[in-house]
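Throughout, numbering of the chain's residues begins at 1 and tracks the sequence. It should be emphasised that the depicted structure is a prediction, and the values quoted were computed from it without experimental measurement.
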Amino acid sequence: MIAFVRGPVAALAPTTAVVEVGGVGMAVHCTPHTIAGLRIGQEARLATSLVVREDSLTLYGFADDDERQVFELLQTASGVGPRLAQAMLGVHSPDALRLAVATGDEKALTAVPGIGKKGAQKLLLELKDKLGAPVGAGVLPDARRPAAGPAPWTEQLQSALIGLGYASREAEEAVSAVTPQAEAALAETGAAPVPQLLRAALQTLNRAR
């Protein structure tokens with residue numbers, strides 16, 4: 001198993017980072033939040049989980065070991081593969097997921113694209129004794145955190161765009177362009193789907209160029 005990779009970041013895409021390790025470019029699938037913390041040319045250390053399939057080897061990367069552990073535990077629930085597990089971590093932090101499961105917060109799980117009401121109920125039952133208690137004190141699921149300054153999704157999205165090489169002004173304009181879409185999602189589910197918003201923002205930037 002590849003436990004982590006360390007090296008300069010050679011390239012960034014909305015959901016993938018290429019890290020140079022010993023002269024080899026390792027493509028690592030990451031959440032937008034993890035991508036937002038990377039910069040091309042700067043050294044990075046990503047905790048990783050290797051998913052082996054008959055026709056592929058896919059490396060998933062995380063900001064820390066805790067996030068990787070939760071990623072692997074989520075997949076012990078029936079119907080949860082690596083993509084859905086990563087989507088869950090793209091919407092909620094590890095502690096937010098622990099708290100959601102511990103408190104039976106169905107709404108927090110349905111905020112994840114691909115999880116409906118019945119699926120959320122099933123996951124709450126299956127994960128109840130697996131994720132453990134939240135590590136941080138007073139942690140709230142992302143969808144229920146009180147607003148203080150800019151919304152977390154705006155900061156996350158803007159950082160991801162800057163990390164992909166866009167200027168601050170371009171990132172701000174793209175965030176503004178997708179704000180109606182984000183507000184609609186917040187009103188409906190209580191959470192902003194950052195991966196979808198990032199794709200929409202990139203589309204607006206490509207049209208502007």
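- Atom CG of L127 and atom CG of L73 lie 8.5 Å apart (nearest 0.5 Å).
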Pairs of donor and acceptor atoms involving the side chains of residues 2-19, under 3.5 Å and at least two apart or interchain, shall be tabulated with distances.
none

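- Defined by atom type and a distance below 3.5 Å, a donor-acceptor pair is present between the side-chain atoms of S78 and E126.
- Note that CE of M88 is 10.5 Å distant from CD of Q75, once rounded to the nearest 0.5 Å.
- At distances below 3.5 Å, at least one donor-acceptor pair connects side-chain atoms of T204 with backbone N or O atoms of A201.
- With rounding to the nearest 0.5 Å, the separation of CG in L97 from CD in E67 is 9.5 Å.
- Between R45 and D64, no side-chain nitrogen of the basic residue sits less than 4.0 Å from a carboxylate oxygen of the acidic one, so the salt-bridge criterion is not met.
- At distances below 3.5 Å, at least one donor-acceptor pair connects side-chain atoms of T103 with backbone N or O atoms of L99.
- Side chain of K130 to main chain of T76: a donor-acceptor pair is present (N/O by atom type, distance under 3.5 Å, no hydrogens or angles).
- For residues 39-61, the ring pair (Phe, Tyr, Trp, His ring centres under 6.0 Å) pairs, not counting sequence neighbours, are H29-Y60, Y60-F71.
- With rounding to the nearest 0.5 angstrom, the CD1 atom of I115 is 12.0 Å from the NZ atom of K122.
- Looking at T179 and S176, their side chains never bring a donor and an acceptor atom within 3.5 Å of each other.
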